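These numbers come from a predicted model, not from an experiment. Each ligand, and each atom within it, is numbered from 1 in the order the structure gives.
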Amino acid sequence: MSQSAVMSKTFAIIFAVLTASSITGMITMVIMYNTEIGEYNVTAPPTVPSTTPAPPPIMRLPTNLVPESYSVFLRVHLYTRIPHQVNVTSPNQTLLFDGNSTVFFYCDRPTRTIYLHSKDQTVENATVRNRDQNQAIPVLQPLKFHQDQSNFLEIMLEEELKEGQNYSLFVEFRGQVSENLEGLFLSTYHEGDPKDDGNSDTDRFLAATNLEPTDARRLFPCFDEPAMKAKFNVTIIHRKGTTALGNEAKQGADSPFLQFSFKSTEMMSTYLLAFTVSELNKADAFHSDISVSVDSTTYARPEATAAGYTAYADNITGYILSYYQDYFDITYKGKLDQVALPDLGVAGMENWGLITYQEGGVLYEEGVSSWLHKGDIATLIAHELAHQWFGNLVTMKWWNEVWLNEGFATFMSFMAVCLCPPQKDVYFMSALHAAFEEDALASSHPLNPPQQQVQTTLEIIEMFDTLTYCKVRVQILLHLCSLLLFQMYLSQFQYKNVDQDDLWDNILKALQETGKEFAVEKYMKTWTLQTGFPVLTINTTSGDYSQKLALNDLVLALESPFRWFVVFNCTNDLPPMSVLQTGRREDFRSKEGEWILVNVNSTGYYRVNYDPDNWRRLLDQLATNPNMIPVINRGQLIDDTFNLARAKMVDVTLALNFTQFLSNEKEFLPWESAVRNLRYFVLMFDRSEVYGPMQFSFFFRYNQINAIQVACSNDLPECLEMVEDKFALWMKKSTPICAPSSTARLWPLEEKTEWEFAWAKFQSSNISSEKEQLRAALSCTKTIWLLNRYLEYTLDPEKIRLMDVASTINYIAQNEAGQALAWNFIRAHWDYVSQDGASLIEGVTSRFSTQFELEELEAFAAKYDLGSASRAVDQAIEQTRVNIRWVKENREKILEWFETAVDNAS
Ligand SMILES: [Zn+2]
């Protein structure tokens, strides 16, 4: 008897008993949607009339049926390895999965039609029962699958479901494990010595899920909306020799039939459901330095756990969990597994109790990973752990408010990693600047758009952009939020769904507890419902101030009616105050020629422009004693002047003058700000005559930063100087080059032999940090045919994993020799690469600054199906127009400034 025959029998027995299960302790959650959000007139989801038959709603489920729990039995047929035995035919790999589910729900309003979601599956044998009367309700055949973006499965009934009664719906389903990282997907890796690669006996396969935002419907038919929370009782049936992990701990003994039932989950959204079936394992006998009451384990490839690569994640998880439990005063519930997957479409996913990561996001490879990578790992883990409270315990009602999940998780992750100095400020500032950059385009969007603008899966995916993650800094937290607020908000709404009004109510209550009054909603909606952010313009002679929209396009900015409540702070020690519109303040006046600095430590989400005299005074201070200005502001002054210059609010030479103090600057943040802003100059001019003097005067100093980075990553400076010799040695003796991250761009990869040597190293490496560094380095060659071939490799998942396609093409596009090739390539293969279209468009068009490029981009927008990249294409078109104008207006001045700088230096 084969294994699969045994499993089929087990499966049949399980199916026979499942409908007998009953759920106790049900929580009825009636979903109430707020029908108005301020003046933006947000429409509620469609409701179904109280008698049926009902016309199908457009994209949202009707709210008349309220799911309470699911029992799901799911069988994964996948082999994690294909054994080759003498004289025995090896089994064929199978990507089929099948199973059944029963959803227990409550009828809030009568209906004869059940709508739920199902995608890319066969569904049959639907059975509906009235649980109160133990009666079957006949189902009309056939079941109707809506062939549109709603993914609705419509089940029509012979009788009406009655208000106030409890029902169950049983269905059987079949589907395919995805090879495109969607829903339940296949991941592959190679075990053992890299030299054995090509020997299929060492190939390993695993199945894992990734269901956010709308892929639970690919797993089994369900009410796949975040506010339709339920408890999930999951049983996974899988082959012998493999391990299943789920959201909750296993219950019952590990039977010889390999049926694993998991304890019931808490009330949670469908997108948080997860499981894996694999041969991944955990490190032996790990002891965290800190005791938290949570059972926490990190899983990875057996070789990675044996090498100790999960130790850092295990350790930091204890610290971060303990920090959050204390901070929120809510204990984490359940067990916590974290899994490093060889393939995953996102860096990390916060599934309740079973967090999944790309390997590079969680494995710390001693001796290969740079120590800076520790900060990135800690921040990512802290982000996903913060979601266990912000997102999992308290969830947004609908995806238009996903910032309530992502913004808070990002913010809290930076708070938590301040446990590991000194990177907190760096993370805060890079998030702020990333948000500014996107928000300075007229094609940006409000943090909290109306629900009706976010309906389809593509529109939902578009919401997961930089603004959603980074704009929450919008003054909310730094001026209004307090520990008390977080604790009140999380405890009041645990296991429920919220919208922004719930947050404002809680801020108000928290303020009242401390004896303060504030028009929170009025104040905050200027930040969440309006696109963009302000520039505060201050005249330090008169004390006059005004504000306008901060856009790269000044003409559009002047037309904008938007105004914000800006809470500002100032160097003159006055308590924070708020301003709206225009006015005059005595404390904005400079006394006795002193400089004034507003937005100290960049706590506000706005830029500041001053009168020329104050700019000059600030420049003088930086030239004489820069430490009088806080380090964050030294970076911010550079960022503000460069961006104000882009909008023509100050002259571009003022911005360049603000880089002159850097020759004495020792701190990272001001340098980072200059490098990032001058990168725009490089992109605009690296194909022109301006590049020569710019390179000479700027990159001479840039090398100093590079030296700082090298020192930071624990490398010897000699490594940089002797990189070519070392590379040659590496080829000759296989002596690994030291820390490729800091030197990769200097590798001599122009010739076929060297490039292919590095490529072979990339293919055979089992260490994610090394692979990442090699993948980036390979894009730096200037040899066109090597770049073209490398682009072709991205079409073959055996060569470049699907999750790495977009970043590899973007690496190539960053290379000026590869940019045009990459642009041609993504257009030629848009069907294959468009899953990551938004990121590709942003990366590949960042150098666009000619009329010809603009026309090509516009033609692309008109001709191609842009999918979830459509906002990114709008932004790229707008940015290209801005670039064309900026280059035309500033080219001469910039050339002159750099030529003078070269003369002064020589
Ligand atoms: Zn997140």
Side-chain angles (χ1 to χ4, degrees), residues 181-182 208-216 226 247 268-274 313 316-317 320-321 323-324 327-328 332 336-341 344-362 375-417 427-428 430-432 434-435 438 447-448 454 457 460-474 476-477 486 489-490 493 497-498 500 503 803 836 838-839 868:
L181 310 182
E182 297 164 327
T209 54
N210 191 41
L211 306 184
E212 192 181 29
T214 59
D215 274 351
N247 295 89
M268 67 176 199
S269 306
T270 44
Y271 75 88
L272 293 169
L273 194 76
I316 196 83
T317 298
I320 297 167
L321 269 178
Y323 174 83
Y324 288 149
Y327 198 88
F328 301 136
Y332 176 82
L336 175 68
D337 291 330
Q338 302 189 93
V339 188
L341 291 171
L344 182 65
V346 291
M349 176 59 212
E350 68 267 21
N351 317 299
W352 199 326
L354 184 65
I355 304 177
T356 48
Y357 297 94
Q358 291 179 354
E359 286 189 346
V362 74
D376 295 338
I377 292 175
T379 313
L380 180 60
I381 291 177
H383 178 98
E384 305 307 341
L385 290 178
H387 271 312
Q388 306 301 309
W389 287 265
F390 283 103
N392 299 9
L393 192 64
V394 178
T395 316
M396 77 279 145
K397 281 181 180 160
W398 183 245
W399 298 106
N400 63 318
E401 298 189 288
V402 69
W403 68 274
L404 292 168
N405 280 12
E406 297 302 346
F408 281 99
T410 303
F411 180 84
M412 286 312 304
S413 72
F414 299 156
M415 299 283 281
V417 293
Y427 286 115
F428 267 121
S430 72
L432 175 70
E438 199 167 304
L447 185 59
N448 203 120
V454 185
T457 292
I460 292 168
I461 291 171
E462 272 195 322
M463 286 305 297
F464 287 82
D465 65 0
T466 308
L467 274 193
T468 292
Y469 282 78
C470 301
K471 193 175 172 175
V472 80
R473 186 184 167 82
V474 178
I476 300 173
L477 296 148
F486 283 133
Y489 172 80
L490 290 170
F493 295 107
N497 294 78
V498 288
Q500 60 169 352
L503 180 64
M803 66 177 185
D836 290 313
S839 134
S868 63

Please test Phe390 against Tyr489 for side chain to side chain contact (heavy atoms under 4.5 Å, CB included), starting from the C-alpha separation and ending with a verdict.
-> CA-CA 10 Å; Phe390 283 103; Tyr489 172 80; 3.6 Å; yes
Would you call the rings of Trp399 and Phe464 parallel, tilted or perpendicular if under 30° counts as parallel and over 60° as perpendicular?
-> tilted
Asn392 versus Tyr332, side-chain donor and acceptor atoms under 3.5 Å | no
Protein N/O/S atoms closer than 2.8 Å to the Zn ion (ligand 1) | His383 NE2, His387 NE2, Glu406 OE1
Examine distances only and state if a side-chain atom of Asn400 and a backbone atom of Asn448 form a donor-acceptor pair shorter than 3.5 Å.
-> no
Aromatic ring pairing His383/His387, orientation class (parallel under 30°, perpendicular over 60°, tilted between) = perpendicular
What is the ring orientation for Phe486 with Phe411, classed by angle as parallel under 30°, tilted 30 to 60°, or perpendicular over 60°?
-> tilted
